[in-house]
Amino acid sequence: MSGFKIPLAVGYDDEELSAFSGFDINFYPFGQKKTCYYLGPKVRAGLLNDRFFNYDVFWAVLINNGVSITPKEKFNFNISAGIGIISEYDDTDFEPWATINFSLGYRF
């Protein structure tokens, strides 16, 4: 089984705007159940201003691993970690990048 996500995030760090969007493709090797494991690629692009990176415009490619838990029919939450590379939009230098995510969701 597979699924996809289109995330959108906006935040502020030291009064500087950070925002991104992207696309995730998740593969569920054991099927989608109340608790399930998933993995797959994710792509991100946007503005990033934080303590570690100061990119005006960035893009990133990561491999994602996570667990999705659905305690009720339409409500779920996810915990995931990704590892990959990040770069400024107009630069050819890459840096390693890792993410940890926690999200709450409602399925339609």
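Between atom CD of residue Glu73 and atom OH of residue Tyr106 there is a gap of 8.5 Å, rounded to the nearest 0.5 Å. For the atom pair CG of Asp93 and CD1 of Ile85, the computed distance is 11.5 Å after rounding to the nearest 0.5 Å.
Legend: residues meeting side-chain contact (heavy atoms from CB on, under 4.5 Å) with Val43, ordered by chain and number and at least two apart, are absent. Partners of Phe20 by ring-ring contact (aromatic ring centres under 6.0 Å, His included), not counting sequence neighbours: none found. Shown here are the side-chain contact (heavy atoms from CB on, under 4.5 Å) partners of Leu104, two or more places apart in sequence or in another chain: Phe75, Phe77, Phe102.
Contact between Met1 and Gln32 at its shortest, heavy atoms only, is SD-N, 3.5 Å. Closest heavy-atom contact between Ala19 and Phe58: O-CE2, 4.4 Å. Shortest non-hydrogen contact noted between Ser21 and Pro7 is OG-O, 2.9 Å. Looking at every heavy atom in both residues, Tyr28 comes nearest to Gly3 through CE1-N, 4.0 Å. Residues Gly31 and Cys36 share a closest heavy-atom pair of O-CB, 3.5 Å.
Apart from Ile6 itself, the hydrophobic cluster it occupies contains Phe4, Phe23, Ile25, Phe27, where clustering links Ile, Leu, Val, Met, Phe, Trp and Tyr at side-chain heavy-atom distances under 4.5 Å.
Not a single donor-acceptor pair under 3.5 Å links the side chain of Ser2 to the backbone N or O of Asn26.
Counting only residues at least two apart or on different chains, the salt bridge (charged side-chain N to carboxylate O under 4.0 Å, His left out) pairs with a member in residues 34-44 are Asp24-Arg44.
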Solution key, residues 59-68 side-chain donor-acceptor pairs under 3.5 Å, sequence neighbours excluded:
residue : atom : partner : partner atom : Å
Asn65   : OD1  : Tyr37   : OH           : 2.5
Ser68   : OG   : Asn78   : OD1          : 3.0

Val57/Leu47 under side-chain contact (heavy atoms from CB on, under 4.5 Å): CA gap, chis, key distance, verdict: CA-CA 5 Å; Val57 179; Leu47 302 169; 3.9 Å; yes
